[in-house]
Amino acid sequence: MFGRAALLALLFSLPLFGQGFTFEPIAPTDQSFVVLRIRSLWRDGCRPEKEQITRNGSSIVVRYETPRGVGCATAIYPWNEAAPLGVLPAGIYDVKVEVDDYDGLMTMATLKLVVTEAEPEVPFEPRIASTAGGTQVTGPNLCGDITGPGEVALFVDGVRIPHTLDACVLKATLPPHAAGPVDVRVTTQLRTYETVNAIHYVDPAATPDPALYERVLVPVLFRGPGAFGSQWETDVIVDADAPLGVLPDVSAALRTNTSLWTLFGDRPAGLILFLPRGRDVRFSNHIRDVSRDATQWGTEIPIVREGEARTQIVLRDVPFDPRYRLQLRAYSLDGVTTPVLVHLPDQGNPLTLRGPCTVAPCNSNQPAYGSMDLRAVRPLLRGKHTVIVEYPVAQPPRVWAFITVTNNETQHVTVISPQ
């Protein structure tokens, strides 16, 4: 029989698929109001309460108490809280979540919070660099602060590094450095510029930091034959305001007007891109049957940003008709193998989204994926119906799904996606 502490430790050892303890906004600046969001599970009905927040320099403690002297229903309950940390100066903070429980003080999570400057005095691009070194960065224009050569010095994390001036614009190739944010200082004869957490070093092989990278799902990349003589081709184009700089090894470097199929080839089960936050990136995603392009130009499949993934997907007006093929495709952006339920008329059908990882977070650019032929599951069903995809757990992870409706005669594709 589990004791209270043992059961609590077991609950918090379970993978939370990107949930649990997170900060909002996910990439805060010194102008953001920061909230610690708790979306987790608790062992019984007496969930922690009476939040107390204390800050001592770069250390923040968020403490809760469990109710004393009351009957608590023994079951697993959702524990959802929003602890306001407020507006914080730029810096690196250690945030500890504690619960004053029956058995003493328990540490539920120890988190690192990085707050950057919203208007950096020394702006550098890109703001993400490889721990292996070699990242080329461009800094500020110093024309108003220099009168001749040799007047400028560049320091990264307190270490002076070589640089060049191109029409007064500071440029440098960064040396290797341990993962994490670094301060940058630029000195001239007239003044000194300094920015806290100006550049963030990342290990190219590590799981992308969600504060730095956004997960974006490309549902299908495929060029090849299909049913009834069809020849399918997807054409996904990326446009960005500038080259996206250093990305983890799990994702290729992207430049404007890039074809993802040219970079990655066939990915019929989808592709996850890790894109630096704060960049202007746009997509077009078009799928068509090129053997019939004289009569149709195909259809568009949505590109899904992580904020569009949901805990429940509702797909309405799905036409169950023998003239159409109905293929449900479901994805987990976190790439973790996990079962979902597909609610069709009369009952739910299990579907396992199989991914490259067993626990989150996952650094693979392959999403967890599963598909279902809805006509095969309900061959006698007729008319329009609603299909629901969701996780059968109290604190579900993120999922996204859509249905392709393909005409058996014309091969024309219609996409039903969540609205």
Side-chain angles (χ1 to χ4, degrees), residues 2 7 9-22 39-43 75-80 207 210 215-220 250 267-272 301-302 304-316 318 320 325-379 381 385-405 415-418:
F2 284 111
L7 179 57
L10 175 62
L11 287 177
F12 282 91
S13 69
L14 297 176
L16 292 172
F17 302 94
Q19 301 184 62
F21 304 90
T22 56
R39 297 185 183 92
S40 194
L41 303 173
W42 192 253
R43 62 171 184 237
I76 295 177
Y77 286 84
W79 177 31
N80 297 324
T207 299
R215 292 173 184 252
V216 176
L217 170 67
V218 179
V220 180
V250 292
R267 295 292 187 99
L271 170 73
I272 295 291
I301 295 178
V304 185
R305 296 183 180 271
E306 61 182 28
E308 298 172 305
R310 308 172 188 179
T311 58
Q312 183 189 73
I313 298 295
V314 179
L315 303 166
R316 303 185 186 278
V318 180
F320 283 79
R325 304 193 301 276
L326 301 178
Q327 194 71 27
L328 169 71
R329 294 172 171 85
Y331 306 81
S332 165
L333 274 69
D334 300 293
V336 178
T337 297
T338 185
V340 295
L341 285 182
V342 180
H343 294 281
L344 295 166
D346 303 328
Q347 68 182 65
N349 294 74
L351 174 64
T352 298
L353 308 186
R354 300 196 179 278
C357 304
T358 55
V359 297
C362 179
N363 73 341
S364 172
N365 64 7
Q366 177 187 340
Y369 170 76
S371 65
M372 178 181 288
D373 182 342
L374 299 180
R375 289 275 299 124
V377 176
R378 292 288 191 275
L381 194 62
H385 297 275
T386 296
V387 176
I388 299 175
V389 181
E390 64 182 354
Y391 286 97
V393 294
Q395 291 284 34
R398 302 173 294 186
V399 65
W400 196 82
F402 73 105
I403 294 172
T404 53
V405 183
V415 171
I416 300 176
S417 60

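All values derive from a computational prediction rather than experimental measurement.
Atom CD of Q327 sits about 9.5 Å away from atom CZ of F402, to the nearest 0.5 Å. With rounding to the nearest 0.5 Å, the separation of OG1 in T404 from CG in L328 is 9.0 Å. Between the OH atom of Y391 and the CD1 atom of I313 there is a distance of 10.0 Å, given to the nearest 0.5 Å. Distance CD1/I388 to CG/L344: 10.0 Å, rounded to 0.5 Å. Residue H343 holds its NE2 atom at 12.5 Å from OG1 of T386, rounded to the nearest 0.5 Å. Once rounded to the nearest 0.5 Å, the distance linking CG of L41 with OH of Y77 reads 12.5 Å.
Under the 4.5 Å side-chain criterion, counting only non-hydrogen atoms from C-beta, V399 is not in contact with E390. Side-chain contact between T22 and R39: present, with at least one pair of heavy atoms (C-beta onward) separated by less than 4.5 Å. You'll find the side chain of L341 stays beyond 4.5 Å of the side chain of L351, heavy atoms only. Between V415 and P302 there is a side-chain heavy-atom pair separated by less than 4.5 Å.
Scanning all heavy atoms of the two residues, the minimum distance from P356 to C362 falls at CG-SG, 4.1 Å. Closest of all the heavy-atom pairs between L333 and I272 is O-CD1, 3.8 Å. Across P350 and M372, no two heavy atoms sit closer than the pair O-CE, 3.9 Å. Scanning all heavy atoms of the two residues, the minimum distance from C357 to S364 falls at SG-CB, 4.5 Å. Across all non-hydrogen atoms, the minimal contact from A401 to V389 is CB-CG2, 4.2 Å. Scanning both residues, H385 and F320, for their nearest heavy atoms gives CD2-CD1, 3.8 Å.
Between the side chain of T337 and the backbone N or O of G355, at least one donor-acceptor pair lies under 3.5 Å. Not one N or O on the side chain of D334 forms a donor-acceptor pair closer than 3.5 Å with the backbone of V336. The closest donor-acceptor contact from the side chain of R375 to the backbone of P379 lies under 3.5 Å. Listed for the R378 side chain is a donor-acceptor partner under 3.5 Å among the backbone atoms of P345. Side-chain atoms of E306 come within 3.5 Å of backbone N or O of R215 as a donor-acceptor pair.
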Under the side-chain contact (heavy atoms from CB on, under 4.5 Å) rule, what do R325 and V405 come out as? Steps first, then yes or no, please. CA-CA 6 Å; R325 304 193 301 276; V405 183; over 6 Å; no
Verdict with supporting geometry, I403 and V387, side-chain contact (heavy atoms from CB on, under 4.5 Å): CA-CA 9 Å; I403 294 172; V387 176; 4.2 Å; yes
Please determine whether side-chain contact (heavy atoms from CB on, under 4.5 Å) holds for the pair V304 and V216, giving the CA-CA distance in whole Å, both sets of side-chain angles, and the decisive distance to 0.1 Å. CA-CA 6 Å; V304 185; V216 176; over 6 Å; no
Test log, rule side chain to side chain donor-acceptor pair (under 3.5 Å), inputs R398 and S332: CA-CA 6 Å; R398 302 173 294 186; S332 165; over 6 Å; no
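Considering only residues two or more places apart in sequence or on other chains, R354 meets the salt bridge (charged side-chain N to carboxylate O under 4.0 Å, His left out) condition with none of them.
Sorted by first and then second residue, the ring pair (Phe, Tyr, Trp, His ring centres under 6.0 Å) pairs with a member in residues 357-378 read Y331-Y369; sequence neighbours excluded.
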